[in-house]
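First the structure, in the form of structure tokens, and then the observations on it.
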2 protein chains.
Amino acid sequence: MPDAHDVLFRTLADPTRRALFERLCREGEKTVGALTERAGVSQPVVSKHLGILKQAGLVRYRHEGRQTHYSAQLGALAPLVDWTSEMAGFWQSRFNALEDLLKRMDQ
Amino acid sequence: MPDAHDVLFRTLADPTRRALFERLCREGEKTVGALTERAGVSQPVVSKHLGILKQAGLVRYRHEGRQTHYSAQLGALAPLVDWTSEMAGFWQSRFNALEDLLKRMDQ
DNA sequence: AATTCACATAGCTATAGAGCTATGCATAGA
DNA sequence: TCTATGCATAGCTCTATAGCTATGTGAATT
């Protein structure tokens, strides 16, 4: 079973899907129809991508009559943020370790 | 042609490839042989993934005799950080520190 | 009640790419 | 020079999935 990073990276790796998420982040809540207009793909494809984004926790929806309004769920990006910070942290600590070593050798 | 985000997300979406990058971040420079030992896939597959990571700018290598030493190139994560920051505007402050760090360390 | 509309689901095709084995190409060592 | 080693490349197979059209479902409209 894939971990949280896996789901997020895989979900956001598709350009069409990421573009949908970006639009929801930038422009706020949108209906499926509104998203389909500028998505460059058919409505079923948009629905499918939204379903995948939903499963990843990146979006949520709200029914209003026969329309479905989707919106971004930004909190879901946290694992991605953490992962990136962690990688940067390891890098930095090794850099510092090297600095310390060089300082000690300098004496 | 795919943009920088596309390349990064696609490159890091594969678990095997991301694990290789993580190991290089955590443990520093490694030879292909050392990476292959714990990768769970064959050596050619490791080489292929390293090639893709290289193309994405996430790693670099150095030849030493018949060995190739790979290491993480963390600066390449900057576009990912930027994208995330942009999407999650209200987390911006939490990320400025990391962004600055990456900028200073980017070679 | 019948029709139209908004979206979801089903089922299919085609392609991308992750894995394998076999082999090539240097370099190190005998 | 001949063999062994470390890695890269070639060529293949197989699975995952992004896209499509057709159809289902439920709400609004007449």
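Note that these values count all heavy atoms, side chains included, but never hydrogens, waters or copies made by symmetry. Proteins get letters first, then strands, A, B, ... in listed order; numbering begins at 1 in each.
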Original post:
Listed in order of residue number, which residues of residues 26-37 of chain B have a non-hydrogen atom at under 4.0 Å from DNA chain C?
Top reply: none
Subject >> Nearest listed nucleotide, side chain of I52(B), among dA8(C), dA6(C), dA18(C) >> reply: dA18(C)
Can you name the residues that form a side-chain contact (heavy atoms from CB on, under 4.5 Å) with [X], not counting sequence neighbours?
X      : answer
E86(A) : F90(A), R26(B)
P79(B) : A4(B), H5(B), L8(B)
R66(A) : none
V32(A) : T36(A), Q43(A), V46(A), S47(A), L50(A), T68(A), Y70(A)

Send over the distance from [X] [atom1] to [N] [atom2], rounded to a whole Å.
X      : N       : atom1 : atom2 : result
H63(A) : dT25(D) : NE2   : P     : 16 Å
Q67(A) : dT25(D) : CD    : C1'   : 16 Å
D6(A)  : dA18(C) : CG    : C1'   : 14 Å
R62(A) : dA6(C)  : CZ    : C1'   : 15 Å
L20(A) : dG19(D) : CG    : P     : 9 Å

**OP:** Using a 4.0 Å heavy-atom cut-off across all strands, classify Y70(B) as base, sugar-phosphate, or nothing.
**Re:** sugar-phosphate
[X]: partners by side-chain hydrogen bond (donor to acceptor under 3.5 Å, both in side chains), with sequence neighbours left out:
X      : value
R10(B) : none
E37(A) : none
E29(A) : R62(A)

Subject >> Partner residues of F21(A) under the ring pair (Phe, Tyr, Trp, His ring centres under 6.0 Å) criterion, sequence neighbours left out >> reply: none
Subject >> Where protein sits on nucleotides 19-30 of chain C, one letter per nucleotide: B base, S sugar-phosphate only, - none, heavy atoms under 4.0 Å >> reply: BBBB----BB--
**OP:** Is it possible for you to say whether L80(B) and L74(A) belong to one hydrophobic cluster, with membership spreading through side-chain heavy-atom contacts below 4.5 Å?
**Re:** yes
**OP:** Starting from Watson-Crick (N1-N3 plus N6-O4 or O6-N4) and G-U wobble pairs under 3.5 Å, report the runs of at least three that DNA chain C belongs to.
**Re:** C:1-30 with D:1-30
**OP:** Please list all pairs passing the salt bridge (Lys or Arg N to Asp or Glu O under 4.0 Å) test where one or both residues lie in residues 38-55 of chain B, with sequence neighbours left out.
**Re:** none
**OP:** Please check if the side chain of R17(B) supplies one atom and the backbone of H49(B) the other of a donor-acceptor pair under 3.5 Å.
**Re:** no
